[in-house]
**Student:** 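So that we are looking at the same thing, I have put the structure below in structure tokens.
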Amino acid sequence: MEPANLRFGGGASDTLLHPLVGAVMIVAIILILALPRKYIMMPLLLAIFFVPKGQVIVMAGAHFTVARMLFLAGLVRVANARGTGPTGEFDSIDRVFIMWACCYPVVLSLQWMDSRALIKNLGDFLDAMGGYMVIRFAIRDREDVIRAISLFAVIGALMALCMLNEQVTGANIFGRLGGMPDTTIRDGKIRSQGAFAVFITAGTYGATLIPLLVWLCSGAGRRVTGVLGILGATVMTVTCHASTTIAAYGAGILALCLWPVRKQMRLLRWGIVVALAGLHLAMKGPVWSLIEKIDLTGSSSSYHRYMLIDNCLRHISDWWLLGVKNYDSWGFDMWDLSDQYVAYAVTGGLLTVCLFIGIISRSFGRIGSARKAVEGDRKEEWLLWCLGCSIFAHVVAYFGIGYFDQMQFAWFALLAIIRCSTLDPNKLMTDRPPRGAMSEAAFPEEPVLQPFHVG
């Protein structure tokens with residue numbers, strides 16, 4: 001039997017689609033097919049982030065969430081785009097992402113050799129590849145970046161109001177749609193989650209967004225939207241009452257504060273490596289046991305996170321090739337893989353987790369190279385620095401949660417923004433088409449498609 005968190009044969013057995021959600025999905029699909037390319041991000045992200053993942057259409061045993069239906073519509077739009085390619089040539093970030101997105105479901109399918117696992121893995125592959133390609137298609141230039149971050153700010157502000165209402169009334173308004181609990185309480189505290197599948201991912205959305213919203217205020221001239229977004233993101237971080245989100249929030253702020261020493265980051269990174277190595281030699285336990293000491297809310301499961309990493313490293317011989325099935329037998333609650341690095345390691349093997357880390361590394365590398373190329377242009381440097389700070393906030397968050405709901409699409413959007421922002425370091429997203437990069441001249445705006453008449 002598969003671990004409870006995978007549920008190859010689980011999930012809804014019948015379609016669960018609230019009439020309001022069904023109407024929203026249809027309208028969003030029509031808009032994705034009909035709107036000009038630069039505006040399709042609005043219906044796409046608004047529908048994804050405000051519809052609970054539990055709203056699902058079941059057909060022939062396959063689960064189609066609202067997000068998957070929207071991505072299918074988006075892929076139709078991508079396929080009908082005019083030009084030599086819908087979103088430009090694949091670069092290093094794209095290549096590593098595609099290898100990761102292909103590797104993970106293949107490894108899981110080989111490991112289980114089960115038709116239910118194959119169906120689930122195909123669905124996850126559609127989420128990853130479909131989501132990334134559609135979002136990548138929608139984000140092409142500086143205006144698209146500003147528009148996307150502004151939209152994330154609006155989503156954060158609106159979601160914060162819903163999560164505040166959850167704190168006051170003790171009920172989650174999204175729970176009335178079905179497919180998710182009304183509210184979650186631990187140690188007497190209401191852990192608001194809004195439309196997200198779990199409270200930690202809800203808070204992580206706000207925590208990892210802070211650096212981008214700071215840039216929106218200071219570098220993009222959208223002060224009102226940025227300030228409202230920061231307030232909303234902070235409320236989301238706090239009302240979920242989780243140490244993971246507070247740590248990610250603090251990591252983003254700390255990284256922003258390192259702006260004055262941006263030219264000495266190599267020295268700082270090596271200093272951190274040396275310090276961790278020294279601590280590992282001096283401490284009675286391994287250096288990763290420091291995670292056990294982190295409790296920022298008084299009710300954190302930091303010991304569980306420590307044990308996840310510890311058991312993962314102790315059992316590396318079991319999972320390095322194709323992952324392992326029985327990791328839930330390693331100890332109490334080990335089925336709960338609330339650490340993204342551990343989750344990819346024990347379920348997808350060494351290659352999967354290395355490719356995932358490669359996505360992060362390549363993103364940092366692209367940002368660093370681009371920042372050096374525009375050195376002296378403080379406005380462009382600041383944009384790239386804020387993107388790096390947001391990546392760092394995600395890196396910290398991944399130690400406390402795995403992205404399995406709407407948060408994974410926020411992560412894909414950040415990758416698309418980084419890719420777009422670093423296409424040409426000499427002319428980063430200026431009004432003129434970047435040399436050798438995707439532009440409206442190279443890929444002219446496709447004609448507006450009539451809904452349901454595509455092809």
Side-chain angles (χ1 to χ4, degrees), residues 17-57 64-81 86-87 126-141 143-162 173-174 177 179 194-197 205 209 212 216 222 225 228-229 232 405-417 420 440 445-455:
L17 194 69
H18 192 279
L20 177 60
V21 173
V24 169
M25 181 181 70
I26 292 172
V27 171
I29 289 174
I30 293 173
L31 293 175
I32 289 170
L33 295 175
L35 286 176
R37 191 267 321 157
K38 61 184 178 181
Y39 296 125
I40 67 173
M41 186 71 73
M42 295 182 183
L44 178 69
L45 292 183
L46 287 173
I48 286 175
F49 282 94
F50 284 101
V51 172
K53 187 179 181 181
Q55 296 287 310
V56 63
I57 299 172
F64 291 88
T65 61
V66 171
R68 287 176 186 172
M69 299 298 290
L70 297 180
F71 292 145
L72 287 173
L75 289 173
V76 170
R77 184 62 182 273
V78 172
N80 280 271
T87 52
L126 175 59
D127 286 344
M129 281 300 298
Y132 179 69
M133 294 306 297
V134 173
I135 294 173
R136 178 183 182 273
F137 168 73
I139 300 177
R140 293 186 175 185
D141 54 32
E143 290 303 316
D144 291 335
V145 169
I146 295 175
R147 193 177 295 113
I149 297 176
S150 298
L151 185 57
F152 280 125
V154 172
I155 292 172
L158 294 176
M159 195 67 72
L161 293 177
C162 298
I173 61 174
F174 294 100
L177 299 175
F196 289 79
Y205 173 89
L209 196 59
L212 300 182
L216 193 66
R222 302 289 182 91
T225 304
L228 289 176
D405 57 2
Q406 295 96 320
M407 260 312 296
Q408 62 181 320
F409 307 122
W411 167 246
F412 297 161
L414 177 60
L415 295 178
I417 289 172
C420 178
E440 297 298 335
E445 190 72 40
E446 71 277 16
V448 176
L449 302 175
Q450 296 300 319
F452 307 121
H453 295 283
V454 179

**Student:** To the nearest 0.5 Å, what is the distance between CG (Leu44) and CZ (Phe137)?
**Tutor:** 11.5 Å
**Student:** Can you tell which of Ile29, Ile30, Val24 makes a side-chain contact (heavy atoms from CB on, under 4.5 Å) with Ile26?
**Tutor:** Ile30
**Student:** Please report the interatomic distance CG(Leu17) to OG1(Thr65), rounded to the nearest 0.5 Å.
**Tutor:** 11.0 Å
**Student:** With sequence neighbours excluded, tell me which residues meet side chain to side chain contact (heavy atoms under 4.5 Å, CB included) with Met129.
**Tutor:** Phe97, Ile98, Ala101, Phe125, Met133
**Student:** Under the 3.5 angstrom rule, does the side chain of Gln406 hit a backbone N or O of Ala195 as a donor-acceptor pair?
**Tutor:** yes
**Student:** Say you draw a straight line from CG of Leu415 to CD1 of Ile135; how long is it, rounded to the nearest 0.5 Å?
**Tutor:** 9.5 Å
**Student:** Using modelled atom types only, decide if a donor and an acceptor are shared between the side chain of Tyr205 and the backbone of Phe152 within a distance under 3.5 Å.
**Tutor:**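 Yes, Tyr205 side chain to Phe152 backbone: donor-acceptor pair under 3.5 Å.
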**Student:** What's the spacing between Leu33 CG and Asn80 CG if we round to 0.5 Å?
**Tutor:** 9.0 Å
**Student:** Of the non-hydrogen atoms in Leu31 and Ile40, which two are nearest, and what is the gap between them?
**Tutor:**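 Closest heavy-atom pair between Leu31 and Ile40: O-CG2, 4.4 Å.
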**Student:** Heavy atoms only: give me the nearest Leu70-Ala28 pair and the separation to one decimal.
**Tutor:** CD2-CB, 3.7 Å
**Student:** How long is the gap from CZ on Phe71 to OH on Tyr132, to the nearest 0.5 Å?
**Tutor:** 13.5 Å
**Student:** Which heavy atom of Ile173 sits nearest to which heavy atom of Cys162, and what is that distance?
**Tutor:** CD1-SG, 3.7 Å
**Student:** Compare every heavy atom of Ile139 with every heavy atom of Ala416, then report the nearest pair and how far apart it is.
**Tutor:** CB-CD1, 4.2 Å
**Student:** Hey, mind stepping through Leu151 and Leu46 against side chain to side chain contact (heavy atoms under 4.5 Å, CB included) and telling me if it holds?
**Tutor:** CA-CA 8 Å; Leu151 185 57; Leu46 287 173; 4.0 Å; yes
**Student:** To the nearest 0.5 Å, how far apart are OH in Tyr39 and CG in Asp144?
**Tutor:** 10.0 Å
**Student:** Over all heavy atoms of both residues, which pair between Arg37 and Arg77 is shortest? Give the atoms and the distance, please.
**Tutor:** N-NH2, 3.4 Å
**Student:** Which atoms form the tightest heavy-atom contact between Ile32 and Pro43, and what is the distance?
**Tutor:**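 Heavy atoms of Ile32 and Pro43 come nearest at CG1-CG, 4.2 Å.
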**Student:** What residues, two or more places apart in sequence or in another chain, satisfy side chain to side chain contact (heavy atoms under 4.5 Å, CB included) together with Ile146?
**Tutor:** Arg142, Glu143, Ser150, Trp215, Leu216, Ala220, Arg222
**Student:** May I have the step-by-step check of side chain to side chain contact (heavy atoms under 4.5 Å, CB included) for Arg147 and Met42, ending in yes or no?
**Tutor:** CA-CA 9 Å; Arg147 193 177 295 113; Met42 295 182 183; 4.0 Å; yes
**Student:** Which donor-acceptor pairs under 3.5 Å do side chains of residues 48-57 form with protein atoms, sequence neighbours excluded?
**Tutor:**
| from | atom 1 | to | atom 2 | distance (Å) |
| --- | --- | --- | --- | --- |
| Lys53 | NZ | Phe404 | O | 2.5 |
| Gln55 | OE1 | His18 | N | 2.7 |
| Gln55 | NE2 | Leu177 | O | 2.8 |
| Gln55 | NE2 | Gly178 | O | 2.9 |

